[in-house]
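Computed from a prediction, not measured in an experiment: that's the story for all the values here. For ligands, and for the atoms within them, numbers begin at 1 and follow the listed sequence.
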Amino acid sequence: MISQEQIPGIKKQLLQQIKTTLPEDQQESAKQYVESLDSKQLEEFLDKNRLIKTDQDGSQTQKCAFCSIVSGEIKSYNIDENELAIAILEINPISEGHILVIPKKHISSSKEIPKDIFSFADKIAKRLKTIFKPKEVITSSANLFGHEIINVVPVYKNETIDSERHQAKPEELKNLQESLKEKPKPKIIKKPKIKKLKAEKLWLPRRVP
Ligand SMILES: [Zn+2]
């Protein structure tokens with residue numbers, strides 16, 4: 001059971017989640033809905049949306065949306081992945097090609113993000129530069145649901161990390177995913193070298209004078 005003291009914190013996180021995951025035109029009604037819930041309704045809501053996980057000791061904690069994305073419970077537009085992190089398309093991007101790099105572990109401080117994850121984000125930034133030719137690409141860490149993430153944002157005009165976001169259409173995201181997904185490198189097929197036959201080895205009929 002959620003205690004009265006937990007309610008404001010949970011609601012705050014849900015409101016954040018609404019801001020980042022819901023289309024703009026649905027945000028206001030969702031916000032009002034979340035704000036109107038009492039503790040019992042809130043618990044039911046979290047349970048129904050699979051936002052609660054029951055720990056081994058039976059206690060319930062709120063599940064983090066990024067952990068759910070990593071585990072695949074929440075669908076995302078994945079463009080790359082390694083053993084430490086995944087890279088997905090932001091569904092409310094600042095600019096075309098805005099990517100979120102999400103550490104697979106629930107890391108709560110940017111200081112704990114392993115260097116390798118930053119290099120992975122740099123690799124994604126380079127790919128964005130090659131494909132979209134922006135002026136620059138910003139990488140900036142952020143924390144939502146207590147989970148550190150890295151925003152990788154192409155700058156075409158004068159966008160900043162605080163610029164207005166727009167809701168991307170599913171077709172738009174699918175196309176972006178296609179162009180940004182790491183393509184398997186074409187295999188170089190080595191042509192077998194054809195040995196040139198040396199002249200002396202050629203059998204030539206002798207000329208009969
Ligand atoms: Zn998490």
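- Using a distance-only test at 3.5 Å, with no hydrogens or angles considered, no donor-acceptor pair links the side chain of R165 to the main chain of P93.
- Between the side chain of S68 and the backbone N or O of C64 there is at least one donor-acceptor pair closer than 3.5 Å.
- Under the 4.0 Å criterion applied to side-chain N and carboxylate O atoms, K104 and E83 are not assigned as salt-bridge partners.
- Using a distance-only test at 3.5 Å, with no hydrogens or angles considered, no donor-acceptor pair links the side chain of H147 to the main chain of I102.
- The backbone N or O of L37 lies less than 3.5 Å from a partner atom in the side chain of K11, making a donor-acceptor pair.
- For the 3.5 Å distance criterion, the side chains of E148 and N143 qualify, holding a donor opposite an acceptor.
- For a distance threshold of 2.8 Å, the protein N, O or S atoms nearer than that to the Zn ion (ligand 1), listed by chain and number, are C64 SG, C67 SG, H106 ND1, H147 ND1.
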